[in-house]
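This report concerns only the one structure given below.
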Amino acid sequence: GDGVLKGDALSERYTINNYQIGIVTLPKVIQLMFLLVAIFYAKRIFKELKGCETPFTETVRKNLVKLSAVILGFSFIPAFIEKIFLLCMSLSNIEKSGIDITTGFSVTTFFVAVVLFVLSLIFSYGVRLQKQADETL
């Protein structure tokens, strides 16, 4: 009832209060926010693709760039914030508890962001070609 979690793990005693639990969950909440924004931009891309004759539109290209930026942020910003919290605050008792609190940098997610950015460059070229084809007719 007092907002403190106590126990034994890894042969050491630990005590975790609500404040520390909040600090540990903040990077996960930030990660969830990035994920929701990424879903929003993906939805916009698919909605645009569904309603047009050609996928090479400026709207799709812009949303691909935004989606790649959000996924790039998703891959390293929560891990960076987590490292700052672990270094600057007294969270050694959480580490003693054996609770895995690491978000970690995701190489796979970083790679996906890079691929989406390259895809946006390809779409940029496609937009130019589409514009030339429309002007030719």
Here the pair of heavy atoms bringing R61 nearest to S120 is CG-O, 3.4 Å
One should read off an interatomic distance between F110 CZ and S68 OG, to the nearest 0.5 angstrom, of 11.0 Å
Where is the tightest heavy-atom contact between P78 and Q31, given as atom of each residue plus distance?
-> CG-CG, 3.7 Å
K62 atom NZ, over 12 foreign heavy atoms within 6.0 Å | no
Same hydrophobic cluster for F117 and L67, using side-chain heavy-atom links shorter than 4.5 Å among ILVMFWY?
-> no
The reported gap from CD in Q130 to CD in E58 (rounded to nearest 0.5 angstrom) is 12.5 Å
Verify same cluster id: I71, L36 (apolar side-chain graph, 4.5 Å) | no
Pairwise distance CD1(I45) to NZ(K50) - rounded to 0.5 angstrom | 16.0 Å
All heavy atoms of V70 vs all of A38, minimum pair found to be CG1-N, 3.7 Å
Can you measure from CG (L32) to CZ (F74) and round to the nearest 0.5 angstrom?
-> 9.0 Å
Is there any ring-ring contact (aromatic ring centres under 6.0 Å, His included) pair reaching into residues 29-73, and which pairs are they, with sequence neighbours excluded?
-> F56-F123
Do L72 and V37 share a hydrophobic cluster (ILVMFWY, side-chain heavy atoms under 4.5 Å, transitive)?
-> yes
Mind checking whether V114 and L64 sit in one hydrophobic cluster, side chains of I, L, V, M, F, W, Y counted as touching below 4.5 Å?
-> yes
Backbone N/O of Q132 and side chain of T136: donor-acceptor pair under 3.5 Å = yes
Same cluster (ILVMFWY, side-chain, under 4.5 Å), L49 and L119 = yes
Criterion side chain to side chain contact (heavy atoms under 4.5 Å, CB included) on T57 and E48, from CA distance to verdict | CA-CA 9 Å; T57 64; E48 178 73 19; 3.5 Å; yes
